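When reading the values below, keep in mind they use all heavy atoms of this one structure, side chains included, and skip hydrogens, waters and symmetry mates. From a predicted model like this one, the values you see are computed outputs, not experimental measurements.
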Amino acid sequence: MSEDSVRVDIWLWRARFVKTRGLAADLVEKGAVRLTHHGKQTRLDKSSRCVHPGDELTFAINGRVTAVRVEGLGERRGPPEEARALYSSLTAEQPASSSEPPRGER
């Protein structure tokens, strides 16, 4: 691991998506986390895999699918404001399809 990467379980914990590193490791090891690195998507199965700034992660927690871009690695598990600076949401960036007219206007 280099200074420009961090283990995925540590990153998920620092970004406050899970309460413990153990829960983060379980999430990864059950195959619920996908990593997109340099355009190539991989389903992670080992919590020791590293993430880098610019990578994208997609995972499901509590029945909700979350897609984020890694913006920073963090030094610690800090307060929520610090954790939110580690990622940007990709879920909200998806534009609505304009090929279908809105309901009631057909």
Less than 4.5 Å apart, any side-chain heavy atom of [X] and any of [Y]?
{"X": "L57", "Y": "W11", "answer": "yes"}
{"X": "R7", "Y": "R49", "answer": "no"}
{"X": "R16", "Y": "P80", "answer": "yes"}
{"X": "V28", "Y": "D45", "answer": "no"}
{"X": "I61", "Y": "L27", "answer": "yes"}
{"X": "F17", "Y": "V68", "answer": "yes"}
{"X": "L35", "Y": "V8", "answer": "no"}

**Report entry** Residue list, salt bridge (Lys or Arg N to Asp or Glu O under 4.0 Å) with R43, at least two apart or on another chain
**Finding:**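 So R43 forms no salt bridge (Lys or Arg N to Asp or Glu O under 4.0 Å) with any residue.
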State the [atom1]-[atom2] distance between [X] and [Y], to the nearest 0.5 angstrom.
{"X": "L44", "Y": "F59", "atom1": "CG", "atom2": "CZ", "value": "11.5 Å"}
{"X": "T66", "Y": "L90", "atom1": "OG1", "atom2": "CG", "value": "10.5 Å"}
{"X": "S89", "Y": "R84", "atom1": "OG", "atom2": "CZ", "value": "12.5 Å"}
{"X": "R21", "Y": "S47", "atom1": "CZ", "atom2": "OG", "value": "7.5 Å"}
{"X": "E75", "Y": "L86", "atom1": "CD", "atom2": "CG", "value": "10.0 Å"}
{"X": "R14", "Y": "Y87", "atom1": "CZ", "atom2": "OH", "value": "15.5 Å"}

Query raised in the report: So, D4 and H52: side-chain donor and acceptor under 3.5 Å apart, yes or no?
Result: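 D4 vs H52: no donor-acceptor pair found between side chains.
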Query - Closest contact, heavy atoms only, L12 versus A24 - result: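 Where L12 meets A24 most closely, the heavy atoms are CB-CB, 4.1 Å.
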Query raised in the report: If you take all heavy atoms of A25 and D9, which pair is closest and at what distance?
Result: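 Looks like N-CB, 4.0 Å.
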**Report entry** Criterion salt bridge (Lys or Arg N to Asp or Glu O under 4.0 Å) on R34 and E56, from CA distance to verdict
**Finding:** CA-CA 8 Å; R34 291 186 201 157; E56 296 176 5; over 6 Å; no
Query raised in the report: Does L23 have any side-chain contact (heavy atoms from CB on, under 4.5 Å) partners at least two apart in sequence or in another chain, and if so, which?
Result: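 Listed in chain order: V18, K19, T20.
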